Amino acid sequence: MEQNEQKKMLQELEGSDREIGRKMGWLVSTVAIGLAFFHLYVAGFGLPGIGSRTFLVVHLILGIILAFLIFPIKKGLSQKTIPWYDLLLAAASLAMGIYLINRQTAEAIMSARPTAVDLIIGAIFVVIVIEATRRVVGLPLVIIAGVFIGYFFLGQFMPGDFYHNRGDFSRFVYEIVYRSNGIFGTPIYASAQFVFIFILFGAILESTGAGKMFIDLAIRGFGKFKGGPAKASVVASGMMGSISGSSTANAVTTGTFTIPLMKKVGFPPHVAGGVEVAASSSGQFLPPVMGAAAFIMVEFTGIPYYEIIKSAFIPALLAYVGILFMVHFEASKHGISGMEKSEMKSARKLIMTQGYMLVPILILLYYLVIERSSVNASAFYSIIAMIVIALFTYRFKERLGRTILYAAILLAATFAMQYLVGYLNQGLVALNDVFGSRVFNSQTIRWRDSIFTMVLGGIIVALLFGLFQRSMKQDKVKSEYGFKELMEGFDTASRNALSIIVACATAGILIGVITTSGLSTKFTRIVIEFSDTIEGWLPNFMITDNTQIYIALVLTVFACLLLGLGLPTTATYVVLAAVIAPVLTDLGLPVIVAHLFVLYYGVLADDTPPINLPAYATAGIANAGPIRTGVQGFKYDSAALLLPFMFAINPTILLITDATALEMTWAVITAAIGMATFASFIQNYMFTPYSIIERIAAVATALLFIQSDFVTDGIAIGLFVLLVLFQLYKRRKNKRAPQTA
């Protein structure tokens, strides 16, 4: 599938079948590239003389403008241009953004006495945010927002703990629009400050051809095993899924290559699509980026980024272990073999010729984990290095002498900038006197000394790999990477970010309603009372010290799956972190446990039919039914269904306890065995098909591993050993039967 076809498929899946001409296309691309460049500048040099509130307004308004320019009022219109009413909505959004920026320090706003005009503009702005969300994300989040808004105004009619009497129109508009606990609250701040820059990182990385390189490496490593292409799909999609920020985009990008290979070795079309769905979605909780959820988690929890990815690392690996076991059992059950060695590329040649695409990821990890630099600075340095490497590698291969000259000029310019920037700012300040303005100041143009290091390092890496490619006469590498490809990466980043931008703005409405109505202080009590009621229905032998938390966690699972239907995974986490995670922390779970718990089930919600965009994407590639593909995707992800319960009850695998190395190792091993056994239960197969008794024993073994104490682990290990031995005996017996006959 060509890149243009992939982009068209993504647009249609995400609600846009509008194909506009070149002139309007230039307008859309200009706004998209401008939004991406604005965030790259802010990540590298800080706010360009504007306040943080203005930064959020610019981020959201440009996103809303793009939403109206790209997404039609409804699907199926097949529009060839942008209609007048969408241009009017875009212009109105821009005007309201300017109004909000100008009014943020007005006395009426600062004193909490908004004027009638403020209230009218604010109310219209809420409607525009919700309409943009409907077009980009779909109805589910809009319906949820409508329920919350209705609750705010009808609270005086609600029974019991849901009662409140704060449903005032003026209060609603002021809190939601003009204060920092509504639309411009934590979700949109995280989207602007952290999420966008990593979506940009992923989009530029993908534009260099890194996705294909990851797939080739994964196929080389896993292709020869049973069901090899499917296992390679799991690994490659995990690597790309962590940084892509969109499970749907990841499914299309990697699925284009992996799904035909899976079908070729014998996987049915709907199964091949389902494997890609599970693998692409699960990348959202794989460090270092976790689909940008890690950085939003920093904002919600106050826990440092390094601590979050440290806690998330082992569960993420276990989740992928679960998917790999599901694939392995599927391949064993149907006798699906791996690929021939001749069909796979040489790993050495791949690394020598295309390994430069891994360097930006290593730089990102170095700054995030070793240097503990800020999130924005780490992403900025990685992007600068990535652009330099991508631009120069091919040129060093084709035109060595001329490219060395260009590289020297670029190095000289970046080296000189650290000394010239002060003089440039002095000149700009002098222009203030000429024009009688205060536009410029001594910090208008900013520079980081580390940019020279990134450019120098990037040129060295590009030179080395360019020489490798020349010496190996490798022709089948990524074609020349230039300004066009770079701008396409910027454009793609802004388009991919739209769903998160508008969803985070709408999630801010939910948070504003929860805090303003006082529901945040009551929700925990409601859940506890409901859990106590259910506990009272249970027989005494089922009640333990953890029964209440088990019930609350089960209720949370259903809430996560319901709230997450049809939402992008990052937006799903934002909603769940605001509504559900505080309940779990109030029930006694550590903060990181609560947030990882809701993240995992939010990701699983993205795989839940019938609203399952990744499944629609992979079904189109596999020529299979989307619902059937979605069911398979959920099935393959279901190996991780028990994992959040494991770390909720025993958080040792999150590395947040004082457990010894031996205890931690034991916890990881038992969790892995539990997930493998649960995967065999789902597949009804380990070494040979299960009987009913064996299947019951398998699920019992997996459930016993959740409690994770000496007694339950001992019983579970015993059951597991018996199960394995009996399965091996049955397989041996089945092999002998044909010979005897």
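What you see is a predicted model; the values in this text were computed from it and never measured. The figures that follow rest on heavy atoms only: side chains count, while hydrogens, waters and symmetry mates do not.
- Among residue pairs with one or both ends in residues 585-596, those qualifying as side-chain hydrogen bond (donor to acceptor under 3.5 Å, both in side chains) are T524-D586, Y573-H595; sequence neighbours excluded.
- One finds the OH atom of Y381 at 11.0 Å from the CG atom of N376 (value rounded to the nearest 0.5 Å).
- Applying the side chain to side chain contact (heavy atoms under 4.5 Å, CB included) rule to T515 yields the partners N181, I511; only residues at least two apart in sequence or on another chain are considered.
- Put simply, the side chain of S280 does not reach to within 4.5 Å of the side chain of P614, judged on heavy atoms.
- Judged as a salt bridge (charged side-chain N to carboxylate O under 4.0 Å, His left out), the pairs with a partner in residues 175-196 (not counting sequence neighbours) are, in order, E175-R179.
- Residues passing the side chain to side chain contact (heavy atoms under 4.5 Å, CB included) test with A493 are I199, L200, A203, sequence neighbours excluded.
- S311 approaches I592 most closely through the heavy-atom pair CB-CG1, 4.0 Å.
- Contact check for F490 versus L35: no side-chain heavy atoms found under the 4.5 Å cut-off.
- A507 and V574 get closest at one heavy-atom pair: CB-CG1, 3.5 Å.
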Open item on the list: Before you tell me yes or no, could you show the steps for I303 and V298 under side chain to side chain contact (heavy atoms under 4.5 Å, CB included), namely the whole-Å CA-CA distance, both residues' side-chain angles and the distance that decides it to 0.1 Å?
Closed with: CA-CA 5 Å; I303 299 172; V298 170; over 6 Å; no
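- For S517, the side chain to side chain donor-acceptor pair (under 3.5 Å) criterion is met by no residue, not counting sequence neighbours.
- Atom CD1 of I98 sits about 11.5 Å away from atom OG1 of T54, to the nearest 0.5 Å.
- For the residue pair I197 and A379, the shortest heavy atom distance occurs at CG1-CB, 3.6 Å.
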- [ ] May I have the step-by-step check of side chain to side chain contact (heavy atoms under 4.5 Å, CB included) for L519 and Y151, ending in yes or no?
- [x] CA-CA 10 Å; L519 184 61; Y151 168 73; 3.8 Å; yes
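- One finds the OG atom of S282 at 7.0 Å from the CG atom of L604 (value rounded to the nearest 0.5 Å).
- Annotation: salt bridge (Lys or Arg N to Asp or Glu O under 4.0 Å) contacts of R134 (sequence neighbours excluded): E131.
- With a 4.5 Å cut-off on side-chain heavy atoms, Y99 and V117 count as touching.
- Looking at T133 and T506, their side chains do bring a donor and an acceptor atom within 3.5 Å of each other.
- Atom CE in M158 sits 7.5 Å away from atom NE2 in H164 (nearest 0.5 Å).
- In this structure the side chain of I183 never reaches within 4.5 angstrom of the side chain of I188, judged on heavy atoms.
- For the pair G518 and R166, the tightest heavy-atom approach, listed with the atom from each and the gap, is N-NH1, 3.6 Å.
- Partners of T115 under the side chain to side chain donor-acceptor pair (under 3.5 Å) rule, at least two apart in sequence or in another chain, are D118.
- Taken to the nearest 0.5 Å, the CD1 atom of I82 stands 4.0 Å off from the CD1 atom of I20.
- For the pair I514/V579, a side-chain contact is recorded, criterion being any heavy-atom separation below 4.5 Å from C-beta on.
- Of all non-hydrogen atoms in S378 and Y367, the two that sit nearest each other are OG-CB, 3.3 Å.
- Within a 6.0 Å sphere centred on CZ of F37, heavy atoms belonging to other residues, nucleotides or ligands number 12 at most.
- For L89, the side chain to side chain contact (heavy atoms under 4.5 Å, CB included) criterion is met by F68, D86, R135, not counting sequence neighbours.
- Taking 4.5 Å as the limit, every side-chain heavy atom of Y305 sits out of range of all side-chain heavy atoms of R372.
- No close placement of the F645 and Y550 rings is indicated, their centers lying 6.0 Å or farther apart.
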Open item on the list: Using side chain to side chain contact (heavy atoms under 4.5 Å, CB included), reason through F201 and S382 one step at a time and then give a plain yes or no.
Closed with: CA-CA 8 Å; F201 176 86; S382 304; 3.5 Å; yes
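- Of all the heavy atoms in P187 and C504, the pair that sits closest is CB-O, 3.4 Å.
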- [ ] Starting from the C-alpha separation in whole Å, work towards a yes-or-no answer on ring pair (Phe, Tyr, Trp, His ring centres under 6.0 Å) for F194 and F198.
- [x] CA-CA 7 Å; F194 305 124; F198 279 94; 8.5 Å; no
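- Residues I176 and F125 form no side-chain contact, since every pair of their non-hydrogen atoms from C-beta on lies 4.5 Å or further apart.
- The closest donor-acceptor contact from the side chain of Y174 to the backbone of L119 lies at 3.5 Å or more, if one exists at all.
- With sequence neighbours excluded, the residues that form a side chain to side chain donor-acceptor pair (under 3.5 Å) with H39 are H59.
- Using a 4.5 Å heavy-atom cutoff, the side chains of I149 and I130 are in contact.
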Pairs under 3.5 angstrom only: tabulate donor-acceptor contacts from the side chains of residues 552-564 to other protein residues two or more places apart or in another chain.
{"residue": "T556", "atom": "OG1", "partner": "A552", "partner atom": "O", "Å": "2.7"}

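- In this structure T516 satisfies the side chain to side chain donor-acceptor pair (under 3.5 Å) test with no other residue, sequence neighbours excluded.
- A search for side chain to side chain contact (heavy atoms under 4.5 Å, CB included) contacts involving L498 returns L66, I70, F71, V136, not counting sequence neighbours.
- Considering CD1 of I309 and CG of L286, their distance stands at 10.5 Å, rounded to 0.5 Å.
- With F152 as the partner, the ring-ring contact (aromatic ring centres under 6.0 Å, His included) test is satisfied by one option alone out of F157, F172, F162, F169: F172.
- Counting only distance, with no hydrogens or angles, the side chain of S29 and the backbone of G25 share a donor-acceptor pair below 3.5 Å.
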TODO: Any chance you could lay out the side chain to side chain contact (heavy atoms under 4.5 Å, CB included) test for F184 and Y178, step after step, and finish with the verdict?
DONE: CA-CA 8 Å; F184 297 105; Y178 294 101; over 6 Å; no
